[in-house]
Novice: 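Quick one: structure below, then a few questions.
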2 protein chains.
Amino acid sequence: MTVTIYDVAREAGVSMATVSRVVNGNPNVKPTTRKKVLAAIELLGYRPNAVARGLASKRTTTVGVIIPDISSAFFAELARGIDDIASMYKYNIILCDSDSRLDKEVQLINTLLEKQVDGIVYMGREITEDHMRVFNTSNVPIVLAGTKEKSSELPSVNIDHFQAGYDATIRLIEGGHKRIAIVTGPFQDPLAGVERFEGYRKALEEHNIDFRQNYVISDKLTYRAGMAAAKSFMSLEETPTAIFAASDETAVGVIHGLQDMGKRVPQDIEVIGFDNIRLSEMVRPKLSTVVQPMYDIGAVAMRLLTKYMNNEDVDDHIVVLPHRIEERQSTTLLRDE
Amino acid sequence: MTVTIYDVAREAGVSMATVSRVVNGNPNVKPTTRKKVLAAIELLGYRPNAVARGLASKRTTTVGVIIPDISSAFFAELARGIDDIASMYKYNIILCDSDSRLDKEVQLINTLLEKQVDGIVYMGREITEDHMRVFNTSNVPIVLAGTKEKSSELPSVNIDHFQAGYDATIRLIEGGHKRIAIVTGPFQDPLAGVERFEGYRKALEEHNIDFRQNYVISDKLTYRAGMAAAKSFMSLEETPTAIFAASDETAVGVIHGLQDMGKRVPQDIEVIGFDNIRLSEMVRPKLSTVVQPMYDIGAVAMRLLTKYMNNEDVDDHIVVLPHRIEERQSTTLLRDE
DNA sequence: CTGAAAGCGCTAACAC
DNA sequence: GTGTTAGCGCTTTCAG
C-alpha cells in the first residue's frame, strides 16, 4: 500500500541503508547509484515517513509553541517571527493556543513533550511555580518569548518593560504634563501589569509628581477596558491631561472613550500606547506608542532555541531587545506649541 | 535514561500490553492491576512516546494547517476556530504559514504528509492545478476553509461570496446611491477578487445602474490600498457617493483616505466593508460591514475534517455558512433622513 | 483479563 | 561506497 524505504531499495537494487543515505543527502554515495535511487523514488512516489525517522533518530524537527491567544495581534506577530526562523531552520511548529489558562498550558506542555518536540517556545503572561514544575520535567530546551520569569533560570527574550514604561511616562512629563494617568495590565502580569507600571511610578517620582491612586487603573488590556478607563478618569474631579495605556488596543479604546465624551486627542488630552501593533496606524489620530520589536522577539527566541537544540554555546540566555517611542498624532510631544 | 513502557511493565510486574491498555484507557483491565500500573507510571514519571505510538498505530492525532498569513486578523480568527475544535477532539495542530506562495504551499503540504498528519485544513486565496496535483497525492483528507476550488471536488466551508457582494451593494443602492464604487481583491482570488465583485455587478445590473470601469479598483486588500483607492476615486470627475471595499482593513483605509481629504463618512460618502474583523468596531465611524462567521468557518472545517478522519458519513462536502450585514456608522442605511 | 510476539519505517553503527 | 543488523517505543493480533 504505502511505499517504504524497503520498496525503493528493492526497486533500485540497493540496500535500505543506501536509500536512507541519498534521502538524507549523505555524500558517501556513488553518483550512479544515487541516480538509480532517485529514479526509483520518483517512480514509486516514495515519501519518507517522518514519524519512523523520528523514532529512530530521536529528533522530530518539530518544535512546540504555546501562545495565549492566536487572534491577539501582539502574539500573532511574535508567532510570525518564530515561524519564519523555524522554517528557515527546517523546523515545523506545533502551535497550541493556551487561552492563558494554567491548566491548559500545563497539559499542552505535557502533550508537546509526549510528541517529542525538539524544543518549546513559550509565550504567556505569567509564570507560576506550577509552570516551572512542568518546565523542569522537560528534557528539551524551552525559551520564553515576550514573557518573563523571576528566577531568570529560563532563557527568554524581551524588551526592558520597566524602562519602556519609564520612557513613555517621561515623554508625557516632558510634554508638560503633571496629571498623568495610566491603564496598566493585571498585576499578575509581571510585564504588562507590573514593570511598565513601576516605570511609570519611577518617572513620576523622579520628577516630583505626586502619585495618585485614582490615576491608575489595572485591567485586562482590551479595547473595552480602555473605553471604560477613559470614562472613569473623566469622572474624576481633577481629570488627567495625559494617559499612558499599557497596550495599543487599550490606548485606542481610551481615545475613543474620550472622543465619545467630546474630548479631543491630543489637544485636550494626550494618549500614548504600547506595542506598536498595526492598529496604531489605522486609527485617527494615529497612535503614539512604545514600539516593541514583536517580530524580532519571536525570531530571536526561535533562533535561541535552535542554538540550544544544536548544543551550541549561547553567551547570554536572557536577551533584552531595544525599544523606542514612535510619536504619531495622539501626543504632541514634538510640536512646539 | 528515558523511561519506556517496558520499564513501567517491569516495575508493575505486568506485560507491556497491559501497560499499553491502561495508558490507552482500554476497559479490559482489572481495577487492581490498573492501579498497580498507574502507580508505576507515577513513580517512574513515565510519559508515553507519541512518535512510537504514531508509528505503531498509524495515527498521529495531529493535523496540518496551512495559513497564508498568521498575522492577518481574518485568518487568525479562522485558525482560532480550527484550533478550538481540534483541541476539543484531542488533535494537535502543525501550523504552517505559507505566505501565500505557491512553492511554499506545495512544499509544506509535502512536509505535512511526511509527518503523517491525520488530515489537513487548507486556507489560501487561490487554488491552482499545482495545488490539486499535490492534494491528490494525499492519503489523508483535506478540507478547505475560507477558500474555494472550482471543481468542487474538495470539501470546503465558506459563505456565499457572490451573494454577500450582491447584498452589500443592494444595501448601498437601497440607501439611494447610484454612484457606487468597489475596491475588490486581485482577480486571481476567486472569492475576494471575483465573486464579491460579480455580486456587485449583478446588483448594479438588476437596478439598471451603469457599470463604470473607473469605479472599480482591484488590488491587494490592504489598508494602504484602501487609502490609495479613496484618493483615486476622489480624483474622478464624477465621484462616487458610496464605496464597497472587499475587506474591512481596506474599508478603513478608504475611510481614512476620505477623511484626510476632508470628506465625512457617512455624510458625504458611505462605506461598507467585508469580514467583520475586530478592527471594524475599533475605528470611528464604526464600520458597517458584511459579517463573515470567521470563527465558525474554521470550526466547521475542522469538524468536517474529524468526520473524514473517522470515516464518518458526511452528507455534504461543500458547506455554505450564512452571512449578514452589520450596519454601524459608516453607512446610514437605517437612518431615515 | 493478560501476555507473547510480530511488526510500524527508518537510522545508525559496524562490517566489508 | 554499500550492505547487515539492531533497535527506537509502542500497538495489535492472537492465544490462553
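All chains are named by letter (A, B, ...) in the order of the sequence lines, taking the proteins before the strands, and each is independently numbered beginning at 1.
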Novice: Check whether any side-chain nitrogen or oxygen of Thr4(B) sits under 4.0 Å from OP1 or OP2 of dC8(D), and answer yes or no.
Specialist: no
Novice: Could you tell me the separation between the CD atom of Glu105(B) and the OH atom of Tyr122(B), rounded to the nearest 0.5 Å?
Specialist: 3.0 Å
Novice: For Arg10(B) and dG3(C), give me the distance from atom CZ to atom C1', rounded to whole Å.
Specialist: 17 Å
Novice: Less than 3.5 Å apart, any donor N or O on the side chain of Asn28(B) or Arg21(B) sitting next to an acceptor on the other?
Specialist: no
Novice: Does Leu55(B) or Val14(B) map to a spot on DNA chain C nearer the 5' end, using the closest nucleotide for each?
Specialist: Val14(B)
Novice: Without decimals, in angstroms, what is the distance between Asn49(A) CG and dC8(C) P?
Specialist: 12 Å
Novice: Does a side-chain N or O from Thr18(A) land closer than 4.0 Å to OP1 or OP2 of dG3(D), or not?
Specialist: yes
Novice: What is the distance, rounded to the nearest whole Å, between atom CZ of Arg53(B) and atom P of dC10(D)?
Specialist: 8 Å
Novice: Are Ser20(B) and dC10(D) close enough that a side-chain N or O sits under 4.0 Å from OP1 or OP2?
Specialist: no
Novice: Between atom CE of Met309(A) and atom OG1 of Thr61(A), what is the distance when rounded to the nearest 0.5 Å?
Specialist: 9.5 Å
Novice: Which nucleotide sits closest to the side chain of Ile5(B): dG3(D), dT12(D), dC10(D)?
Specialist: dC10(D)
Novice: Counting only side-chain N and O atoms of Asn24(A), is one of them less than 4.0 Å from OP1 or OP2 of dT11(C)?
Specialist: yes
Novice: Counting side-chain heavy atoms from C-beta on, which of dG9(D), dA4(C), dT11(D) comes nearest to Ala52(B)?
Specialist: dG9(D)
Novice: With a 4.0 Å limit, can you tell me whether Lys58(A) has a side-chain N or O closer than that to the phosphate oxygens OP1/OP2 of dG9(D)?
Specialist: yes
Novice: Separation of Met16(B) atom CE from dC8(D) atom P, in whole Å?
Specialist: 11 Å
Novice: Give the rounded distance in Å between these two atoms: CG of Asn139(B) and P of dG9(C).
Specialist: 12 Å
Novice: Can you find a side chain N or O atom of Thr33(B) that sits less than 4.0 Å from OP1 or OP2 on dC1(C)?
Specialist: no
Novice: Output yes when at least one side-chain N/O atom of Tyr6(B) is less than 4.0 Å from OP1 or OP2 of dG3(C), else no.
Specialist: no
Novice: For Thr62(A) and Lys115(B), does a side-chain donor sit closer than 3.5 Å to a side-chain acceptor?
Specialist: yes
Novice: What is the distance, to the nearest angstrom, from the CG atom on Asn26(A) to the P atom on dG3(D)?
Specialist: 13 Å
Novice: Between Arg34(B) and Ser57(B), who's closer to the 5' end of DNA chain C by nearest nucleotide?
Specialist: Arg34(B)
Novice: How many angstroms lie between atom OG of Ser20(B) and atom CG of Asn26(B), to the nearest 0.5 angstrom?
Specialist: 8.0 Å
Novice: With distance as the sole criterion, do the side chain of Arg21(A) and the base of dG3(D) form a donor-acceptor contact below 3.5 Å?
Specialist: yes
Novice: Using only side-chain N and O atoms of Asn28(A), determine if any of them is under 4.0 Å from OP1 or OP2 of dT2(D).
Specialist: no
